[in-house]
There are 2 protein chains.
Amino acid sequence: MTRDAILEAAAQIFRQKGYHAASMQDIADAVKLQKASLYHHVNSKQEILLALLDRALDLLIERMEEVLALDLPPEEKLRRAILVYLQTMLEQRDLSAVLLLEYRSLDPKCRQQHIQRRDQYEALWRKLLSEGAEQGIFAVSDIPLICRFLLGVMNWTVTWYREDGPLTPAQLAHQCANLFLLGLKKRLGEDDRGDRDN
Amino acid sequence: MTRDAILEAAAQIFRQKGYHAASMQDIADAVKLQKASLYHHVNSKQEILLALLDRALDLLIERMEEVLALDLPPEEKLRRAILVYLQTMLEQRDLSAVLLLEYRSLDPKCRQQHIQRRDQYEALWRKLLSEGAEQGIFAVSDIPLICRFLLGVMNWTVTWYREDGPLTPAQLAHQCANLFLLGLKKRLGEDDRGDRDN
DNA sequence: CCTAATCTACCGAACGGTCGGTAGATTAAG
DNA sequence: CTTAATCTACCGACCGTTCGGTAGATTAGG
């Protein structure tokens, strides 16, 4: 029995039940150990959560930096980033769901560190968008907002996507990219400040 | 002390900690009662969660039906629906967060009922979109997908929106509507099946 | 080669603490 | 006096974690 196997099982159970509803007993059962034995490989339940969150962010950051390093026009780079993000999230559903939903269960000290790292990751997306804006390809005044919209769409797919559904992750990514690129690509006469109503 | 006050306090605590991490003791402290006294107003912790989820859905369904009943062109109706949804979610953050994140903690029997009702609500959005499609205003082949994208963007705002931030809910709604209407409004020569790459 | 020492992986039992929930006495309101 | 609301006191179950100990593989010394 390896530490990795325990983490993997924990991710699955955390995703199904949530961190607090999942017990060490559940995890032990999943890997066919006594729960005391888990503590030979792992120091605490919190440590498991922390390891999963780190692992998830590591994966996303690594792949995002690969995409950023590509020599592509902004539009294609954005398409690629969306594809890679969705593929990663949907192929690692357990890890993704923990990343998106369970970081709240970190105790405050670790949570702060984690949020900081997550913000660094989001900064990579903002960087990608501002590259496109600087080159005059994207017409977007509020990059942080568009960035949150985009990540919102993609993150939410984790909650509803079914592998046995009609769409592959690649098709999903294509649709998602279409939607945003239509809204992003420069066209004339857009006002994008919404301070008229209310 | 009223049942409503207990539910309200519970919503706040469920939002902060999540259902399982929140204890009846926490709720009792928040309303300055002994834990046992809660059970005079409420039968169980599960019942509190169920009541909150019902209340949230009731509110959303009611307001969405009001919007659907308006006599407006599809584009304006969609803008209105987005505005009302975001305002409701952001003005009832506690309730919204519980709706979006904690329904997983319902025991299976109630969860199934709840999901069914939530699907009915989503059907209202699909109806709004297909009205626009039938009238030839919206160019959208996969309505359920666009619907999930849209709800995804809006739902995710609940996780990051700050009242002390730069945007009012109305401005947020305007930006969101702009993004989707750019992608939705009919234009020529779009292929929207993404089965090319991978 | 033998054996003693060390290490890895695991176990059963138990700990202090908290959980959701209950019973029954006590108080407040009409 | 009645009844609704709140209290104190308690329950069994389960929580994450620790402890002492064991089987078996690995290493070290002669």
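Chain identifiers are assigned alphabetically (A, B, ...) following the order of the sequence lines, protein sequences preceding nucleic acid strands; residue numbering begins at 1 within each chain. Every heavy atom of this structure was used, including side-chain atoms; hydrogens, water molecules and symmetry mates were not.
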(message) I'd like to know if A:K35 reaches the base of D:dG16 with its side chain such that a donor and an acceptor end up less than 3.5 angstrom apart.
(response) yes

(request) State whether the side chain of A:E102 and the backbone N or O of A:Y19 hold a donor-acceptor pair below 3.5 Å, judged by distance alone. (result) yes

(message) Using a 4.0 Å heavy-atom cut-off, does A:A28 contact any base of the nucleic acid, only the sugar-phosphate backbone, or nothing at all?
(response) nothing

(request) Would you please confirm or rule out a distance under 4.0 Å between OP1 or OP2 of C:dC10 and any side-chain N or O of A:Q34? (result) no

(message) What's the closest nucleotide to the side chain of B:L33 if the choices are D:dC15, C:dA23, D:dT6?
(response) D:dT6

(message) Can you measure A:L38 atom CG to C:dC10 atom C1' for me and round it to whole angstrom units?
(response) 11 Å

(request) Go through D:dT17, C:dC11, D:dT8 for me and flag the one nearest to the A:K45 side chain. (result) D:dT17

(request) Report the distance from atom NE2 of A:H41 to atom C1' of D:dG16, rounded to the nearest whole Å. (result) 17 Å

(message) Is there a side-chain contact between A:S37 and the phosphate of C:dC11, meaning an N or O under 4.0 Å from OP1 or OP2?
(response) yes

(message) Between the side chains of A:D58 and A:R117, is the shortest nitrogen-to-carboxylate-oxygen separation below 4.0 Å, so that they form an ion pair?
(response) yes

(message) Please report the distance, rounded to the nearest Å, between OH in A:Y39 and P in C:dC15.
(response) 17 Å

(request) Would you please confirm or rule out a distance under 4.0 Å between OP1 or OP2 of C:dA9 and any side-chain N or O of A:H40? (result) yes

(message) Taking B:E47 first and then B:R3, would you say they form a salt bridge - that is, a charged N and a carboxylate O separated by under 4.0 Å?
(response) yes

(request) Could you tell me which non-hydrogen atom of B:F180 sits nearest to which non-hydrogen atom of B:V153, and how far apart they are? (result) CE1-CG2, 3.8 Å

(request) Output the single nucleotide from C:dA13, D:dC7, C:dC19 whose closest atom is nearest the side chain of A:A36. (result) C:dA13

(request) Output yes when A:D142 and A:R148 qualify as a salt bridge under the 4.0 Å nitrogen-oxygen rule, no when they do not. (result) no

(message) Output the rounded distance in Å from CD (A:Q25) to P (C:dC11).
(response) 11 Å

(request) In whole angstrom, give the distance that lies between atom CE of B:M1 and atom C1' of D:dC7. (result) 14 Å

(request) Respond yes when some side-chain nitrogen or oxygen of B:H20 is under 4.0 Å from OP1 or OP2 of C:dG20, and no when none is. (result) no

(request) Would you kindly compare A:A21 and A:N43 by the position of their nearest DNA chain D nucleotide and give the one closer to the 5′ end? (result) A:A21

(request) Would you mind reading off the distance between B:M24 atom CE and D:dC7 atom P, rounded to a whole angstrom? (result) 14 Å

